[in-house]
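In this text, all values refer to a predicted model and were calculated from it rather than measured experimentally. Naming convention: chains lettered A, B, ... in sequence-line order (proteins, then strands); numbering from 1 in each chain.
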Amino acid sequence: MEGSASPHRGERTSYTVIRTPMRLTNYFIPTLKEIPTDAQMPSHQLMMRAGMIRPLSAGIYSLLPLGYRVWKKVMAVIREEMDAIGGMEFHLPALNPIEIWEETGRVEAFGDTMFHLKNRDYVLAPTHEEIMTSIARASIKSYKDMPQIWYQIQTKFRNEPRPKSGVIRGRQFTMKDAYSLDATREGLDESYRKHHEAYCRIYARCGLTFFVVGASSGAMGGSGSEEFMVESDAGEDLCAFNLESGYAANIEVASSKLPALERGADNPAAEKFATPTAKSIDDLVAQHGIAEERCAKSLVYFADEKPYLIFMCGNDQLNEAKLQGALGAANVRPARDEELAGLTGADAGSIGPINLKSSLPQIADLRIAHANGMVSGANENGFHYRNIDLDRDANIGVYHDLRIVAEGEPDPLGGRPLSVKKAIEVGHIFKLGTKYSQAMKANFLDEKGEEHPIIMGSYGIGVERVVACHIEQRHDADGIVWHPSIAPFHVQITSLKIESDIVRDAAEALYAALEAAKVETLFDDRAGVSPGFKFKDADLLGMPLNVIVGEKHLKDGNVEIKVRSTGERRIVPQAEAVQVCLALLDSLRS
RNA sequence: CGGAGCGUAGCGCAGCCCGGUAGCGCACUACCUUGGGGUGGUAGGGGUCGCGGGUUCAAAUCCCGCCGCUCCGACCA
């Protein structure tokens with residue numbers, strides 16, 4: 001080029017090829033031999049020990065290179081499946097003006113859970129319904145513009161009162177959230193169905209054993225919703241299900257087919273009796289020989305700051321989510337002790353339908369619908385009434401299913417016994433309807449030129465929960481057992497006594513061959529590290545295959561391939577190692 | 001936000017009750033050794049004892065306040 005004017009003056013005419021060497025001598029994987037005290041769950045302990053994450057503050061973690069590789073793989077699976085149902089990926093601001101959240105009333109709804117900036121009226125987005133809706137409002141004007149599926153995979157911020165379980169409940173986390181926009185209810189049903197199927201494929205591909213339960217829509221609003229759950233003792237949700245009938249529901253909405261009480265033919269007048277030391281249902285049963293189910297437990301709750309008297313059967317637990325739904329309230333809370341006396345005339349334990357100090361709207365559980373012969377408090381400390389006929393002596397407007405179901409109760413489909421298990425929510429899909437489009441006036445014109453709010457769905461996946469649940473389900477005493485789909489690397493090469501030229505040459509050749517075959521390989525090329533140490537690290541990191549290169553088998557021209565999940569070991573000729581790895585990985589994927 | 005516990009070297013911990021030289025294991029550095037399941041040895045480096053105040057001749061240790069982290073509970077779109 002000397003002497004001629006370069007057409008690319010000022011630009012680089014050559015560039016450096018950077019080939020990241022995935023060698024343990026260079027790669028940053030700070031493994032820990034000991035379990036950090038702060039980590040309780042296996043997934044948390046192993047992510048720390050395998051050098052995937054490090055804590056920065058409560059519920060806030062740095063992703064180290066090995067961990068981030070896994071995150072990116074989970075996100076890649078999600079992207080593929082979202083794109084396959086016609087989703088389009090967005091990148092949205094995490095920093096939001098507070099005004100947009102005021103449009104839907106969610107500044108109040110989120111309350112302290114939303115992070116607010118101190119020096120400007122911005123909030124850190126805990127989710128993105130408002131932002132997506134604002135984009136739709138500006139641009140989706142006709143039924144012809146829909147359906148749309150919009151999604152993003154980004155960091156969300158929630159001021160969790162109590163972060164816990166490692167990355168499972170953090171203050172900052174990665175979430176894929178998708179929003180569907182439809183012109184009709186049928187369109188929403190179809191968008192929802194597509195997401196349901198995509199989610200099943202995503203979790204299956206990530207190697208998770210999961211189940212789907214009917215769920216409450218909570219403060220998100222809307223009609224139908226389902227959660228994708230992974231069973232775990234560390235789970236924060238309870239699910240009731242029966243594997244035979246296929247019934248599965250979050251405890252918040254689960255129901256059972258427990259029969260209602262029968263009405264007795266004999267129906268004498270209600271009679272007051274002294275119960276000086278009976279403060280609970282159990283006391284009444286023990287001290288007065290009353291059948292537990294004949295007790296009408298009375299509770300006072302405030303729904304949107306309006307008091308209600310609630311009757312439950314015996315020791316049945318009130319399900320606050322159901323109460324909220326039955327009353328159509330935004331918030332419910334139990335009455336405080338000092339409020340009880342003012343409203344009823346008695347303290348907790350002596351409240352009932354007769355002689356109430358003030359008139360309260362009443363609501364009762366279906367199990368005691370129209371029952372008679374009941375015992376309940378007299379609204380006077382130390383006294384109860386027996387022979388109460390709820391139709392005659394109470395003023396119950398409506399009966400609703402208000403109970404929390406319990407293990408063993410008959411399921412609502414076939415009457416088979418329900419199991420109740422703890423589970424971690426890894427995804428949640430909602431038919432939002434028009435809650436946000438109405439509030440934000442995101443309207444479109446239909447074929448007739450009539451204006452309607454866009455019909456929306458909302459669909460979330462917690463990325464760190466997928467990773468954590470994967471480890472919860474796939475680990476043993478030695479470490480993680482990655483499924484090839486999201487393993488940070490497919491193969492780890494363990495070189496034993498790499499100081500020996502024979503081992504060094506064989507391991508280097510194998511590494512090059514695996515890389516050439518596009519097998520993601522982590523090469524333990526550390527010198528001066530004992531065999532046991534390398535084996536322990538390999539098991540801890542948990543790559544699906546471990547190729548062991550040592551003098552023992554090299555004498556015969558062989559290497560050893562160990563399958564992490566089964567412990568199976570194969571001695572194969574060096575020249576065949578790559579092909580065997582590919583075949584084994586293939587079989588592990590299915 | 002209620003209850004409990006913890007904060008001492010990168011990690012795991014002892015020392016604190018009973019005030020007086022800051023210690024152990026692992027990790028790290030150098031050398032030797034070993035070489036198929038966290039080798040063995042020798043010699044080293046590394047600490048505002050979470051922060052602030054108080055008591056005392058003297059505080060990791062006793063007292064007060066604050067902060068951080070973890071667990072149980074409340075809460076959890």
Worksheet item: Which pairs pass salt bridge (charged side-chain N to carboxylate O under 4.0 Å, His left out) with one or both residues in residues 454-468 of chain A, sequence neighbours excluded?
Response: none

Worksheet item: According to the salt bridge (charged side-chain N to carboxylate O under 4.0 Å, His left out) rule, which pairs have a member within residues 490-506 of chain A, sequence neighbours left out?
Response: K497(A)-E551(A), R504(A)-E508(A)

Worksheet item: From C71(B), C69(B), A74(B), pick the nucleotide closest to the side chain of P161(A)?
Response: A74(B)

Worksheet item: Restricting to pairs with a member in residues 536-557 of chain A, which pass ring-ring contact (aromatic ring centres under 6.0 Å, His included), not counting sequence neighbours?
Response: none

[X] [atom1] - [N] [atom2] separation (whole Å):
X       : N      : atom1 : atom2 : answer
Q40(A)  : C69(B) : CD    : C1'   : 12 Å
L238(A) : C75(B) : CG    : P     : 13 Å
R54(A)  : C69(B) : CZ    : P     : 17 Å
R171(A) : C76(B) : CZ    : P     : 16 Å
I424(A) : C76(B) : CD1   : P     : 19 Å
E160(A) : C1(B)  : CD    : P     : 15 Å
N159(A) : C1(B)  : CG    : P     : 10 Å
R169(A) : G73(B) : CZ    : P     : 13 Å

Just name whichever nucleotide pairs with [N], Watson-Crick or G-U, keeping both distances under 3.5 Å, else none.
N      : result
A59(B) : none
A4(B)  : U70(B)
G36(B) : none
C26(B) : G10(B)

Fill in: Aromatic F173(A) / basic K156(A) pairing, under 6.0 angstrom, 45° off normal
no

Item to complete: Find out whether the Lys NZ or Arg CZ of R333(A) is both under 6.0 angstrom from the six-membered ring centre of F302(A) and within 45° of the ring's axis.
Response: yes

Practice prompt. Please list, by residue number, the residues of residues 566-576 of chain A whose heavy atoms come closer than 4.0 Å to an atom of RNA chain B; answer none if no residue qualifies.
Written response: R569(A)

N/O contacts under 3.5 Å, protein versus nucleotides 13-15 of chain B?
residue: C13(B); atom: OP2; partner: T37(A); partner atom: OG1; Å: 3.0

Discussion item. Can you build the contact string for nucleotides 27-35 of chain B? Use B for base contact, S for sugar-phosphate-only contact, and - for no protein heavy atom under 4.0 Å.
Written reply: S-------B

Discussion item. Are there over 12 heavy-atom neighbours, none belonging to I502(A), within less than 6.0 Å of that residue's CD1?
Written reply: no

Worksheet item: Reckon T113(A) has a side-chain N or O less than 4.0 Å from the OP1 or OP2 of C75(B)?
Response: no

Discussion item. Under 4.0 Å, counting only non-hydrogen atoms across every strand here, what does D537(A) touch: a base, just sugar-phosphate, or nothing?
Written reply: base

